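To start, the structure itself, in structure tokens.
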Amino acid sequence: MSWFNLKAVGSTLLPIGCGMLNGFFFSPRKNDRTNDWYNKRMIKPSFNPPGWVFGPVWTTLYGMMGYSAYRILALHASHDITRAMTAFGVQFALNMSWTPVFFGLHQIELASVIVSGMCASTLWTIKEFACLDTLASRLLYPYMGWISFALVLNFSILYLNRNNKSLKEQ
């Protein structure tokens with residue numbers, strides 16, 4: 001077997017590419033007037049990370065997520081991976097929907113529901129992956145930690161902005 005596994009590389013890069021495209025189209029840019037909603041008018045908690053943190057963190061997590069899925073997909077000949085990959089697909093679809101809902105549609109409440117679903121479906125994915133490949137499961141632990149933080153952050157933003165009338169102005 002070659003040291004270079006194209007399927008592993010592709011599986012790792014695919015979620016990174018999806019996340020980058022999602023971020024490119026929907027994440028706020030510092031000097032973009034269309035995102036005054038997030039950058040200037042939204043009240044954020046004191047523990048909100050600076051914007052530059054998100055790119056490196058998500059790139060790393062998407063890579064780990066992709067390699068984790070690759071490890072499960074590589075088992076398909078000897079194991080039934082249907083439940084594991086269904087769980088993965090659900091959490092990934094929720095993940096990809098959060099940014100457009102939060103930043104694109106400005107729906108903080110719906111984004112809170114989505115990130116809650118991400119946490120639940122990621123726990124389901126970890127459970128299903130653990131039955132098939134311990135490392136694949138453990139590669140998702142940092143992601144679970146980060147989205148748990150995102151859950152607290154999202155609900156904090158929702159609470160802090162519950163009466164923020166400037167967010168309703170377009």
Side-chain angles (χ1 to χ4, degrees), residues 1-28 47-158:
M1 185 163 130
S2 169
W3 64 270
F4 184 79
N5 184 327
L6 191 57
K7 288 181 183 177
V9 171
S11 296
T12 301
L13 292 178
L14 182 62
I16 293 172
C18 290
M20 288 176 73
L21 284 172
N22 207 355
F24 177 78
F25 286 112
F26 295 105
S27 290
F47 57 87
N48 192 72
W52 62 265
V53 169
F54 293 96
V57 168
W58 277 114
T59 301
T60 303
L61 294 174
Y62 284 137
M64 293 172 73
M65 192 187 309
Y67 184 67
S68 176
Y70 162 75
R71 290 183 61 89
I72 299 302
L73 288 168
L75 298 171
H76 72 86
S78 60
H79 294 80
D80 181 5
I81 62 168
T82 306
R83 285 175 34 173
M85 292 311 297
T86 299
F88 181 85
V90 168
Q91 69 80 22
F92 192 70
L94 288 169
N95 181 299
M96 289 293 109
S97 69
W98 185 89
T99 300
V101 168
F102 188 88
F103 291 112
L105 299 175
H106 303 171
Q107 294 295 316
I108 304 170
E109 298 88 355
L110 182 55
S112 298
V113 172
I114 291 170
V115 76
S116 298
M118 282 170 58
C119 287
S121 59
T122 300
L123 287 172
W124 176 33
T125 304
I126 288 170
K127 176 188 168 289
E128 294 296 334
F129 278 25
C131 296
L132 300 167
D133 183 316
T134 304
L135 179 58
S137 175
R138 290 182 180 166
L139 282 167
L140 297 176
Y141 290 4
Y143 173 59
M144 186 67 226
W146 183 253
I147 62 173
S148 296
F149 172 70
L151 176 77
V152 172
L153 186 60
N154 199 141
F155 274 98
S156 296
I157 289 171
L158 179 62

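These numbers come from a predicted model, not from an experiment.
- Phe149 and Pro49 get closest at one heavy-atom pair: CE2-CG, 3.6 Å.
- With sequence neighbours left out, Arg138 forms a side-chain hydrogen bond (donor to acceptor under 3.5 Å, both in side chains) with no residue at all.
- Put simply, the side chain of Ile81 reaches to within 4.5 Å of the side chain of Leu132, judged on heavy atoms.
- Here the CG atom belonging to Asn22 is positioned 10.5 Å from the CZ atom belonging to Phe103, to the nearest 0.5 angstrom.
- No donor-acceptor pair under 3.5 Å is formed between the side chain of Thr122 and the backbone N or O of Cys119.
- Interatomic distance, CD1 of Ile108 versus CZ of Phe155, reported as 11.5 Å (0.5 Å rounding).
- Once rounded to the nearest 0.5 Å, the distance linking OG of Ser137 with CD1 of Ile72 reads 8.0 Å.
- A distance of 8.5 Å separates CG in Leu151 from CD1 in Ile147, rounded to the nearest 0.5 Å.
- No donor-acceptor pair closer than 3.5 Å links the side chain of Thr134 to the backbone N or O of Ala130.
- His79 NE2 to Cys131 SG: the interatomic distance, rounded to the nearest 0.5 Å, is 10.0 Å.
- A donor-acceptor pair under 3.5 Å is absent between the side-chain atoms of Ser68 and the main chain of Met64, judged by distance alone.
- Taking each heavy atom of Ala136 and Asp133 in turn, the nearest pair found is N-OD1, 2.9 Å.
- Distance OG1/Thr12 to CG/Leu139: 9.5 Å, rounded to 0.5 Å.
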Which atom pairs, one a donor and one an acceptor, fall under 3.5 Å between side chains of residues 84-98 and the rest of the protein, sequence neighbours left out?
unit_1	atom_1	unit_2	atom_2	d
Thr86	OG1	Thr82	O	2.7
Gln91	OE1	Tyr143	OH	2.7
Gln91	NE2	Phe88	O	3.3
Asn95	OD1	Tyr62	OH	2.5
Asn95	ND2	Tyr143	OH	3.0
Ser97	OG	Ala93	O	3.4
Ser97	OG	Leu94	O	2.8
Trp98	NE1	Ala111	O	3.3
Trp98	NE1	Asn154	OD1	2.8

